[in-house]
Enquirer: 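Questions regarding the structure given below will be posed in turn.
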Amino acid sequence: MTLRAPATSANLGPAFDCAAVALALWNELEVTDGEGVSLEGEGEGELPSDATNLAIRAYALFDDPAGKAFRFRNRIPLERGLGSSAAAIALGLAAARPDGAPEELLAAGLELESHADNLAAALVGGLALTWEGRIAQIATTLPLVPVALVPRRRTSTEASRRSLPATVAHADAAANAGRAALLAAGAVAGDADLFAAGLDDRLHEPYRPSAELDALRAEPPVDARGATLSGSGPTVIVWADDALACAAELASRFPDHDVLELAVTERGVL
């Protein structure tokens, strides 16, 4: 059995902890009869090669991994805000329970991943909303193209969350609700203007300093319509009309970063 799971970008600005989009950058898992764990690509020599591997822990939620060999090919950068953990969990869950319903897999996976947004999108693809254990894929494409600016540094999601305030001003909460509504409306309608208008956030991005995000908002790249922190960062997603021109400028301005021209995928783990 060979499966693959997509990268994901959570929050998309104002949709904090409730939305993520699946991106066509894939990690793969091959499960065969045998023993052992092998890893290629991202995390090689760094991720666990035994039963403590996150994907194997997810597999063990539904089936005994004894007598199975696991081979990983990882392309999603680690700890960069692109859902590498969610992809690993999705792969393990789907390998052990290939006919499992997405919400069943989500409920199981939350034992290992406390934030449902990335995992929901990794399971169903497209732009996914999640709440109270539910998942809704509300769009399979988006009206703007995601270009990822990926720093070399890493970010701990838990450490980043500790920087967030316990409460926010009512005006900020109200502003975010309005922007999240615009974002969803733009996504469903395929309206780039509505979608771009919905990218502003007041709940988490102001408390997660990002020199890249500040620079891109102060001087937007060619054809860019907005930029968002991907999850807790440090990756920034630039939302553009033309990915090629935008990516070329980003590569010139940020030579020490990786620039990935991505696409939304309508499919989750498969």
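In what follows, residues are counted from 1 in the order of the sequence shown.
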Enquirer: State, with a plain yes or no, whether a side-chain heavy atom of V150 is found less than 4.5 Å away from one of L260.
Expert: yes
Enquirer: So L250 and E261, do their side chains get closer than 4.5 Å, heavy atoms only?
Expert: no
Enquirer: Is there a salt bridge (Lys or Arg N to Asp or Glu O under 4.0 Å) between R225 and D241? Walk through the geometry before answering.
Expert: CA-CA 7 Å; R225 302 288 295 275; D241 290 307; 3.3 Å; yes
Enquirer: Within a strict 4.5 Å, meaning less than it, do heavy atoms of the F72 and V37 side chains meet?
Expert: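 When only atoms from C-beta onward are counted, V37 and F72 do touch, with a gap below 4.5 Å.
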Enquirer: Rounded to the nearest 0.5 Å, what's the gap from CD1 on I56 to CG on L61? Could you check?
Expert: 12.5 Å
Enquirer: Specify the closest pair of heavy atoms between D117 and A10, including all atoms of both residues, with the distance to one decimal.
Expert: OD2-CB, 3.5 Å
Enquirer: CZ of R217 to CD of E205: how many Å apart, nearest 0.5 Å?
Expert: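 Rounded to the nearest 0.5 Å, the CZ-CD separation comes to 4.5 Å.
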Enquirer: Parallel under 30°, tilted from 30 to 60°, perpendicular over 60°: which one fits the rings of H257 and F254?
Expert: perpendicular
Enquirer: For the residue pair A87 and A5, what are the closest heavy atoms and their distance?
Expert: O-CB, 3.6 Å
Enquirer: To check you understand the geometry: which heavy-atom pair defines the closest contact between A184 and I138, and what is its length?
Expert: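 It is CB-CD1, 4.2 Å.
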Enquirer: Taking all non-hydrogen atoms of both residues into account, name the closest pair between V145 and A243 and its distance.
Expert: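 Of all heavy-atom pairs spanning V145 and A243, the closest is CG1-CB, 3.6 Å.
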Enquirer: Should the pair W239 and F195 be assigned to parallel (<30°), tilted (30 to 60°) or perpendicular (>60°) ring geometry?
Expert: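 Perpendicular: the ring planes of W239 and F195 meet at over 60°.
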Enquirer: Do N176 and V168 have side chains that get closer than 4.5 Å, going by heavy atoms?
Expert: no
Enquirer: Are L199 and R179 close enough that some pair of their side-chain heavy atoms sits under 4.5 Å apart?
Expert: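 With C-beta onward as the side chain, the pair stays apart.
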Enquirer: Got a second to check how far N74's CG is from L29's CG, nearest 0.5 Å?
Expert: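 If we round to the nearest 0.5 Å, N74:CG and L29:CG are 9.0 Å apart.
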Enquirer: Do L216 and S210 have side chains that get closer than 4.5 Å, going by heavy atoms?
Expert: no
Enquirer: Work out which heavy atom in T155 is nearest to a heavy atom in S232; give both atom names and the distance.
Expert: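 In terms of heavy atoms, the two residues are closest at CG2-O, 3.7 Å.
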Enquirer: Over all heavy atoms of both residues, which pair between H204 and N11 is shortest? Give the atoms and the distance, please.
Expert: CE1-ND2, 3.5 Å
Enquirer: Just wondering, more than 12 heavy atoms not from R253 lying within 6.0 Å of its CZ?
Expert: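 It does: R253 CZ has more than 12 such atoms within range.
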